[in-house]
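Every value quoted in this text rests on a predicted model; they were computed, and no experiment measured them.
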Amino acid sequence: MKIMDKVKKGIRSWLQIQPVSPYNVQINELVDFELNAIRNRIWYRGDGNELEQMYSQMQESADRFKFWASRCTPGMEMRKIHTGLPGLIVRILTSIVMEDMNDIKIGDAKQADVWAEIEKENKFRQGLEKVIKELLYVGDGAYKVTIDTEISQYPILEWYPGECIEIVHRRGRLHEVIFKTPYDYEMQRYVLHEHYGFGYICNKLYKGDKLMDYKTFPPLSGLQDVVFDKSVILAVPVKVFESAKWDGRGGSIYDGKLDNFDALDEAWSQWMDALRAGRAKTYIPDSLIPRNPETGEITPPNPFDNRYIATDTNMTEKADNKIDTEQPTIPHESYLSSYCTALDLCLQGVISPSTLGIDVKKLDNAEAQREKEKATLYTRNAIVEALQECLPGVVKAGINAYNILNKRPVTDVNAEVPFGEYANPSFESQVETLSKARPGSPILSIEAQVEEMWGDTQDQAWKEEEVKRLKVEMGIEVVDENSVAGIDGLEGVADGPGTAAGSARV
């Protein structure tokens, strides 16, 4: 063997690549979906006492170092203040969505009448505000359609938040929804699991982990399992965002933001604590303390208008008894910077500061304000899309439950949930922009202009009539096709006062 071959063989054996040995990373899950939903609910409620109690019982891992979990050293107590920002974000987003929501439209007139009665009986519109709020801070939930003729002759729509349901998927598709309802009976806690699937409702009662017979349970004496059309499910799960931790469940708008909310409360609490500690202090010698002119007694200090601290009189030869006032320096700019940074982290990707009424810059024009509203617009669009997808399913389930109650065949329901525009340009700017788009170089048809101009603020019939009126004004005469069926052509048609030169009949 040649020397070079030996060298190559040695190099190849020397450069053997060994595979990386596998390794495992073990992460202990500290909370489940239900506990996470309860934690988000407490943040939404915005009670500082509840927050401190919750975090004092969750002192594991990083939670034990958070502001709300920390305890002050005896004698150095600090006032803990909650800003209320989490609850404010949810309330503002809910009001934005509810304000733009129009009435639900159903194609069939009989179905529309049935839904009108169901909606009125369940006060559906009023309850929808609570549904949207819980969707945002809990993550998901589900509508349950039940039939109880002792309460109502129409189906009952009940909303269950995410911590009270379980969603079962098979091959990525909805299989059933389990509704969990607790019952307290004879000092014992029972939980009813209602399995709502396609074509069936199955009930199971649990006492702890033990399965009980619900038929012998007095509070559930009238409950029974139901079987119906397999194409219908009387449960509609709803979610806006996807959860990053629990597959198939909804994500809360607070996910990834709780640490920022905690930091914002800490920044604000420290600022207010510094203001309290930095109050002006007035030192007055005993000889200069104000006294009662009649009795000579020292006038007690008033904490509102003449706070002072008495000191001994200086009796030295060159004594100079004078009143000293000390005012500590408070670094307002540093506290303000910390507060604004924490606030920005809380709002990033969720909502615009201007939507919450926070004036970040007073010199912004209308266009700049609309640019800042994009974060709110993205979140609002996600909520609207979720509602437009799930609410027709609620309408369908309610109407089909009414059909099942009255022993009618299950029907398909064509429902639509329209929403108005949000943060759109002013009416004047829209008129100016659209009027410039057509003359000279027509890039927009009349139909497109009307649709862009009015959007969802007018119904389709009104917009079609508006198109006809505009065409008539522009000299484009619109007539029925049957009226021109016997006309061989348009030759010889003279320009008259009713038609413009070069116009055509459609």
Side-chain angles (χ1 to χ4, degrees), residues 27-72 79-94 129-142 159-167 177-182 189 191 237-269 342-343 345-351 356 379 382-383 386:
I27 297 178
N28 297 323
E29 192 176 57
L30 302 179
V31 297
D32 56 3
F33 185 86
E34 294 183 1
L35 182 56
N36 182 67
I38 295 173
R39 179 173 59 182
N40 292 340
R41 186 181 294 274
I42 292 176
W43 273 103
Y44 169 76
R45 289 155 66 105
D47 191 338
N49 295 319
E50 295 180 351
L51 285 169
E52 188 168 23
Q53 292 178 49
M54 178 185 67
Y55 277 103
S56 64
Q57 301 175 40
M58 297 176 58
Q59 294 187 11
E60 295 184 8
S61 190
D63 281 344
R64 66 179 182 273
F65 301 113
K66 291 183 178 179
F67 170 69
W68 284 106
S70 60
R71 295 185 179 181
C72 299
R79 178 188 175 197
K80 293 185 177 182
I81 308 174
H82 179 55
T83 59
L85 183 65
L88 179 63
I89 292 175
V90 171
R91 288 192 293 270
I92 293 297
L93 287 174
T94 302
E129 182 176 355
K130 176 185 177 183
V131 170
I132 298 176
K133 289 179 180 179
E134 293 192 338
L135 275 178
L136 291 177
Y137 65 77
V138 172
D140 61 11
W159 167 255
Y160 279 68
E163 67 266 29
C164 298
I165 67 170
E166 293 181 8
I167 303 176
V177 181
I178 305 173
F179 297 93
K180 297 180 290 185
T181 306
R189 170 59 63 95
V191 180
V238 188
K239 63 180 178 181
V240 178
F241 308 104
E242 289 286 343
S243 175
K245 296 180 66 176
W246 296 279
D247 189 25
R249 300 305 301 266
S252 170
I253 201 171
Y254 296 162
D255 288 349
K257 295 291 184 180
L258 295 184
D259 289 346
N260 297 327
F261 292 145
D262 185 83
L264 179 66
D265 291 345
E266 183 174 6
W268 180 245
S269 299
L343 181 63
L345 291 175
C346 293
L347 303 182
Q348 281 180 2
V350 177
I351 193 171
L356 299 176
T379 306
I383 302 172

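At least one donor-acceptor pair closer than 3.5 Å links the side chain of Lys257 to the backbone N or O of Leu345. No donor-acceptor pair under 3.5 Å is formed between the side chain of Asp265 and the backbone N or O of His82. Of the possible polar contacts, none joining the Lys239 side chain to the Gly162 backbone as a donor-acceptor pair under 3.5 Å is found. When atom types are taken as modelled, the side chain of Thr181 and the backbone of Val191 share no donor-acceptor pair closer than 3.5 angstrom. No donor-acceptor pair closer than 3.5 Å links the side chain of Ser252 to the backbone N or O of Gly139. In this structure, Thr379 contributes its side chain and Val350 its backbone to a donor-acceptor pair below 3.5 Å.
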Could you walk me through whether Leu136 and Tyr44 pass the side chain to side chain contact (heavy atoms under 4.5 Å, CB included) check?
CA-CA 10 Å; Leu136 291 177; Tyr44 169 76; over 6 Å; no
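For the pair Lys66 and Asp259, the salt-bridge criterion is met [side-chain N within less than 4.0 Å of a carboxylate O].
Taking Trp268 as the reference, Trp271, Tyr339 meet the ring-ring contact (aromatic ring centres under 6.0 Å, His included) condition, with sequence neighbours excluded. Checked against ring-ring contact (aromatic ring centres under 6.0 Å, His included), Phe241 has no partners two or more places apart in sequence or in another chain.
Ile167 places none of its side-chain heavy atoms less than 4.5 Å from the side chain of Trp246.
To the nearest 0.5 angstrom, Asn36 atom CG is 7.5 Å from Ser243 atom OG.
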